[in-house]
Amino acid sequence: MAWSATSPGANQPDNTAFTQQRLPAWQPLLSAGIVLPLFFCVGLAFIGLGLGLYYTSNGIKELEYDYTGDPGTGNCSVCAAAGERVAPPPANCTCQWCFSLSELFQGPVFLYYELSNFYQNNRRYVVSRDDAQLSGLASALRHPTNECAPYQRSPAGVPIAPCGAIANSLFNDSFKLLHQRLPGGAYVEVPLDRTGIAWWTDYHVKFHNPEPINGSLKLAFYGTAKPPNWPRPAYDLSPDPNNTGFVNQDFVVWMRTAALPTFRKLYARIRHGNYSAGLPRGAYCVNITYNYPVLAFDGHKRLIFSSISWMGGKNPFLGVAYLTFGSLCIVTGFVMLVVYIRHQDENGEDEDE
Amino acid sequence: MALCTKKRPPAGIMTVPKEMPEKWSRAGVPPAWSRKKPSWGTEEERRARANDREYNEKFQYASNCIKTSKYNIVTFLPVNLFEQFQEVANTYFLFLLILQLIPQISSLSWFTTIVPLVLVLTITAVKDATDDYFRHKSDNQVNNRQSQVLISGILQQEQWMNVCVGDIIKLENNQFVAADLLLLSSSEPHGLCYIETAELDGETNMKVRQAIPVTSELGDINKLAKFDGEVICEPPNNKLDKFSGTLYWKENKFPLSNQNMLLRGCVLRNTEWCFGLVIFAGPDTKLMQNSGRTKFKRTSIDRLMNTLVLWIFGFLVCMGVILAIGNAIWEYEVGARFQVYLPWDEAVDSAFFSGFLSFWSYIIILNTVVPISLYVSVEVIRLGHSYFINWDKKMYCVKRRTPAEARTTTLNEELGQVEYIFSDKTGTLTQNIMVFNKCSIYGRSYGDVFDVLGHKAELGERPEPIDFSFNPLADKKFLFWDPSLLEAVKVGDPHTHEFFRLLSLCHTVMSEEKNEGELYYKAQSPDEGALVTAARNFGFVFRSRTPKTITVHEMGKAITYQLLAILDFNNIRKRMSVIVRNPEGKIRLYCKGADTILLERLHPSNQELLNTTTDHLNEYAGDGLRTLVLAYKDLEEEYYEEWAERRLRASLAQDSREDRLASVYDEVENDMMLLGATAIEDKLQQGVPETIALLTLANIKIWVLTGDKQETAVNIGYSCKMLTDDMTEVFIVTGHTVLEVREELRKAREKMMESSRTVGNGFSYQEKLDSSKLTSVLEAIAGEYALVINGHSLAHALEADMELEFLETACACKAVICCRVTPLQKAQVVELVKKYKKAVTLAIGDGANDVSMIKTAHIGVGISGQEGIQAVLASDYSFSQFKFLQRLLLVHGRWSYLRMCKFLCYFFYKNFAFTMVHFWFGFFCGFSAQTVYDQYFITLYNIVYTSLPVLAMGVFDQDVPEQRSMEYPKLYEPGQLNLLFNKREFFICIAQGIYTSVLMFFIPYGVFAEATRDDGTQLADYQSFAVTVATSLVIVVSVQIGLDTGYWTAINHFFIWGSLAVYFAILFAMHSKGLFEMFPNQFRFVGNAQNTLAQPTVWFTIVLTTVVCIMPVVAFRFLKLDLKPELSDTVRYTQLVRKKQKAQHRCMRRVGRTGSRRSGYAFSHQEGFGELIMSGKNMRLSSLALSSFTTRSSSSWIETLRRKKSDSASSPSGGADKPLKG
């Protein structure tokens, strides 16, 4: 043990600043000269930031529609009711949400879907995936990890790709936005940009399709089963080879699990053609293909149009929190100042000396 | 070896022997063996027959082999692991590890637990192995010592471990005694033999042992080989000074006593050889029996920590239950219907069972409230503090070349909480060096040193000592400053000559002259040595003695006196005399002894001289010197003849021989002529009075426990300022019976209460008071009292029915001195205070007789002085001077305590802040035991991200510089009152931690609930949330440690900034592409850091969280500092102010200091300190306090003392064979 090495030579301890505990040091003290200005500065800075954040957030527009289809709430309830009985629900039950804009919805506009009471953050749900498989590893494709159970293998024992509960529960409602430019005019489909809705790193690094065999992704997936809830296998998700299989953007977005039971995920961006500046005034309808049942667990589905700022989407919380805490700092600062002056007065004579 | 008794010392943490004990003594390692009993039950008596191994083997006595080691190579791993897993903490973590292996439960990867656990186990195992290696080495060294054993008529070399009970062994000069022996014969006449018992009882003087007459003739091997006596004696016990047994030989019985025994641990001196019969061997020897059981010492913080950990564990279970219930409800209400997307695990068939599993899952993820790194960090911090003690140059003794040494690393912070110090006297307070300082000869006092102007000179400004070069036989080391004494000798003043003649004749010193003129004196007590040396230098050189003569060189002339009789010293007589016939044929009796006794035995004609001498004696005693009175008496030839006849008859008497002899001596030592008096200085160690004064100011009570006589002890009490004349009264308890002692204690209490009660005596204290009432009354006592208690009274006072009374009386006194106490009593006193006072005790001593007390006290300190190394080996800290104690306590102890408290507060805070986030998250993730953070963050949070800054604070932090803690001893008080870390402080930390965790979760929650990124994609994904919370957490706890750190050295800067940097470095590394591509399932957070931390919203969240967490703390601290500052804050503040206004302040300080001398401020209590310091007057408290000690009115305190003594029962007895000491 190094213990015996402490007394070198003549047993005399070294005379260094370290051994004698005389290291030069900064000894800060919470004196009034530091603390009071600190509080006022922080208070003012926070109020300033808070105002900025608040107005930025207020400038962001949001349009929201709950299309869950609770009985008697619009035309989606038919689909919802149908979905209750069978899972997966009958394909292509559609419903519609129509709205009109009296002025330009400042762009770029983003279309989100929001699910609530959906526990993507449940531990068993979170672990139920195989990132090795999703990264395109051939071995993992055929041998999904045990954590995917019970969606590891199909009842026939065939490995499921992509495996796990997250993949299996992929959100599969789809939306089509129609615009009626003039009253009574024809509805024109608004182009929805469905690419680039996932994180760049997810799309380019984390998710890869298995190496296609003879240029065919289908062959690469040979010997795997589709997740039970999926209507078609992964390689068939989209005709676009860059958007199918594990790199399907919707799928990638879905696989980035949410932190909280209520979450919104990006569905599409509206930025092409006439709509690059935003949604012009007029009547709009969203055609919803209703596939995804949520009523069973009191979940809700919403559609959201939202614009965006440098700090992201609408977020009133930050602004309010900054304002509140900034004011609190100022108030506390004054209280402390008063206490300090009172106390100084008591010891006034001593201080003068 | 087969008989070696197994011994299992308790698993000590970090008891690292610094060096191998050179002597064989084993007190340093825990000797808690369990003695193997003979197969037929408890040993009731011991039978040992000489030279008959077969017979003795029947009894299966322990052999002389000692085993203190725990492991060998094969057993190390299993035994060590078994021991380590007996630690609750380790088992707990093992249990967690097993839980984590169950997939349904595992909420964390297994490596989050196993990495720290393996680390801890390995470190401990390495340390244990090293310790045990040293034990093996020292065992072997001791067991393989050679001794000469008589086997079948031949002396054979045998190793110590092969010596058996009943063997006869031969010892030679300067050898250690191998076992407890019955002395059979020796090279000296009458079977005498001399031993030194320093290792055994701490006394350095030589002792005489004598073989019983029948065996003393067995001088040669042939006779010894035929010796077949059988000894029947008491079973092994730990009484060092008692032995009773009987030797049966040739159909005769011979009683045996301690006088015939040589005990293991003694060293043979001045005796060429001797033979002894082994009675007790190995673990049965008195030394081993005496070394007692070492209890594993834990500090009060340790105990508190254990309690708190238990509470936290309870808290953990509560949280687990709450979350489990939550889980069951959630699964029932929501989860069951959510099964479309997330079916239950196969094994789970009901919500209830799911709740049950989730309980264990939560136990796993919430276990970080008590991380294993807590224990490791605490050990590391203590180790650091121990190194600082070892390294301290100001505790390094240049003369002895010994640095201070922290022998255990587990007690450091307790040094900052000491309330009672129990100190040995000889060798601890005093140097055990006697110096002939002054003398009074025929009414004239010599020895005062005067400077040129005729003032008494102070130490340090002394002129040159007088020159003894006229005397070739003079001892060069002897120093004396008063030339007038030498003048008196040179002019041939008859009284002076007679004075020194007495000193050269009346003693029991042995001389040794290796070369011509090179005289060495071997004195039984250092006092005697000092006196004879003084006479030697003044020209009366004691040269040699035979049993019948004494040869003295008187002023260069050799004169041989006929030695007629030595009337030896004992405790009752308190004097010794010799009767000599000078060459002229005149017979004279020379006597020296205690003034109390001798002054009464003088011839009436001495009255006038007696008065002046008494004045001188008072003066000497007032200086704390040990005095002796010298007298002589001329004897008529006839009278002597007749007296000698009576003496012979008395010495031959069968019954009450002692008494008869005493009365014969009494008769002749009468009507003596006074010659003068000597004053010997029992040299105090350097800085003792100052240290005691400083420690007293720090509210530490000092008790002196000494084996010495009452007078000596009281003397030392005065000279080291424990007792002062300002004291209202010094109580002396010397009762011999229970009733007397009780009465004396009661009287003392009554007196104290009387004086403190200003208003009448409304109620009587005659009847027994219940203890609580007593304490409350006694604690409010105003005056300063001191208690002196004698060993035999202490024995009664320590009995169960009186101990409380004694303790309360003693604790009400400012100073307590216990004299004539046995080692066991020392331990009992310490135990008593420990038991009832709940205060931290420290025992300091240097001799083997202090070992028991050193082991009993919370902290044992050994003075590495001259008296062997037993005390040091048994101690927790050792250094070579008493004065270092102030530094050990006031500087190192205080800092250690402060650092440990700050460390613990912060540690609990940071882990609650870290862990409780999971609890809040539980409500939003279906109570599924999903962690908020990445698993790597959980693994590394405690061992990488937050460990070093807090360790640096725990090791280096200082609130005030070391000089200040010596100047303001009151700074020590928070430790004694346990203010810095207690249950209240703990709850505050926990509350702060929980507050932080709430913000840490809910602010990001508020922000993330509906937020999106600046590119429109989702922000509120789990991984971004995890990174945001983790980053804010690391920043918040780093800022918090920055606030807590009071002393930012470069190391602190490096660790704090470094930790933050390392956090971000590791974060980006873990989220990098490279790692993901290698292990896609392990590093799922790929790309997360760069995506998340690029978002302004995330940074707004982090800043908001940090500021909201920290600002209230700053506000609270500021207000506390402003409204209720601690003394240390004030000292720091003053320092800050002083730095700012240097020049101006300096001159003001000087003014302030001169003024302060007039005030009696030093003794006022804590209030007012702050004001004073704020005023900038800055008086140096220690010097002030000392100044009030320096002048003592030369009152006649010794008179009062003496009167009191004669009131109370007279001279003490017991320990009758104690040699003359002062």
Side-chain angles (χ1 to χ4, degrees), chain A residues 1 3-4 6-7 11-13 15 19-21 23 25-27 29-30 35 42 87 110 119 121-126 131-132 135 150 165 169 199 201 205-206 256-261 263 265-266 269 296-297 308 310-313 315 317-318 321 325 329 332 336 339-340 343 347 350 353, chain B residues 16 18 107 130 334 337-338 340-343 388 390-391 393 396 401 403 924-926 928-930 1006-1009 1011-1014 1016-1022 1025 1046-1049 1073 1080-1081 1084 1086-1087 1091 1096-1097 1100 1104 1107-1108 1114-1115 1117-1118 1121-1123 1132 1136 1171 1174-1176:
Chain A
M1 194 122 181
W3 196 246
S4 52
T6 53
S7 47
N11 282 342
Q12 173 135 12
N15 188 14
T19 56
Q20 302 308 312
Q21 307 195 57
L23 286 175
W26 172 52
Q27 288 183 271
L29 198 67
L30 290 179
V35 173
V42 168
F110 294 79
Y119 285 82
N121 60 2
N122 191 298
R123 177 172 56 87
R124 288 181 291 117
Y125 187 83
V126 171
D131 281 299
S135 74
S169 57
W199 284 16
T201 45
V205 179
K206 201 172 178 183
R256 180 153 285 279
T257 54
L260 299 165
F263 57 90
K265 286 180 188 286
L266 188 56
R269 294 188 285 179
F297 50 92
I308 217 161
W310 56 272
M311 55 165 283
N315 196 352
F317 178 86
L318 261 185
F325 191 71
C329 272
T332 320
M336 289 197 299
V339 169
Y340 176 70
H343 197 66
N347 309 326
D350 303 337
E353 225 177 298
Chain B
V16 193
K18 183 173 177 181
S107 44
T130 329
V334 182
R337 294 190 279 152
F338 192 57
V340 203
Y341 297 124
L342 182 61
F388 280 132
N390 295 348
W391 283 335
K393 243 180 115 68
Y396 174 75
R401 294 188 156 210
F924 298 90
C925 68
S928 59
Q930 173 62 30
V1007 176
F1008 275 49
T1012 48
R1013 293 157 57 90
D1014 56 3
T1017 53
Q1018 175 194 11
L1019 176 69
D1021 69 290
Y1022 165 72
F1025 189 78
Y1047 193 76
W1048 283 70
T1049 64
K1073 190 179 167 186
N1081 270 338
R1084 292 178 166 168
V1086 58
N1091 273 305
T1097 314
F1100 279 118
L1104 180 68
V1107 171
V1108 177
V1114 175
R1117 297 226 168 141
F1118 172 74
L1121 200 68
D1122 203 41
L1123 297 175
R1132 278 177 72 175
L1136 203 78
E1171 274 180 50
M1174 296 287 254
S1175 74

Checklist entry - With a 4.5 angstrom heavy-atom cut-off, which part of Leu1104(B) approaches chain A: side chain, backbone, both or neither? => result both

Checklist entry - Looking at side-chain heavy atoms only, is the closest gap between Trp199(A) and Thr1017(B) below 4.5 Å? => result yes

Checklist entry - With a 4.5 angstrom heavy-atom cut-off, which part of Pro343(B) approaches chain A: side chain, backbone, both or neither? => result both

Checklist entry - Looking only at heavy atoms, what is the nearest atom pair of Ala259(A) and Phe1025(B), with distance? => result CB-CB, 3.5 Å

Checklist entry - Heavy-atom distance under 4.5 Å to chain B: side chain of Leu23(A), backbone, both or neither? => result both

Next on the checklist: Report which part of Val42(A) has an atom under 4.5 Å of a heavy atom belonging to chain B: side chain, backbone, both, or neither.
Outcome noted: side chain

Checklist entry - Taking every heavy-atom pair that is under 4.5 Å apart, which of Arg1117(B), Arg1084(B), Lys1073(B) has the most such pairs with chain A? => result Arg1084(B)

Checklist entry - Going by distance alone, is a donor N or O of one side chain under 3.5 Å from an acceptor N or O of the other, for Gln1018(B) and Lys265(A)? => result yes

Next on the checklist: Ring centroids only, cut at 6.0 angstrom: are Tyr341(B) and Phe297(A) within range, meaning strictly under it?
Outcome noted: yes

Checklist outcome for this item: Cut-off 4.5 Å, heavy atoms of chain B, and the answer for Val339(A) is both

Item to check | From OG1 (Thr257(A)) to OH (Tyr1022(B)), nearest 0.5 Å | outcome: 8.0 Å

Checklist entry - Yes or no on side chain to side chain contact (heavy atoms under 4.5 Å, CB included) for Gln930(B) and Arg124(A), after CA distance, side-chain angles and deciding distance? => result CA-CA 8 Å; Gln930(B) 173 62 30; Arg124(A) 288 181 291 117; over 6 Å; no

Next on the checklist: Could you tell me if Thr201(A) and Asn1091(B) have a donor-acceptor pair between their side chains, going purely by distance under 3.5 Å?
Outcome noted: yes

Next on the checklist: Under 4.5 Å from any heavy atom of chain B, what part of Tyr340(A) do you find: side chain, backbone, both or neither?
Outcome noted: both

Checklist entry - Considering only heavy atoms, which portion of Ala1020(B) lies under 4.5 Å from any heavy atom of chain A: side chain, backbone, both, or neither? => result backbone

Item to check | Distance (rounded to the nearest 0.5 Å) between Ser928(B) OG and Tyr125(A) OH | outcome: 12.5 Å

Checklist entry - Side chain, backbone, both or neither: which part of Tyr119(A) has a non-hydrogen atom closer than 4.5 Å to chain B? => result both

Next on the checklist: Using heavy-atom distances under 4.5 Å, tell me whether Pro150(A) contacts chain B through its side chain, its backbone, both, or neither.
Outcome noted: side chain

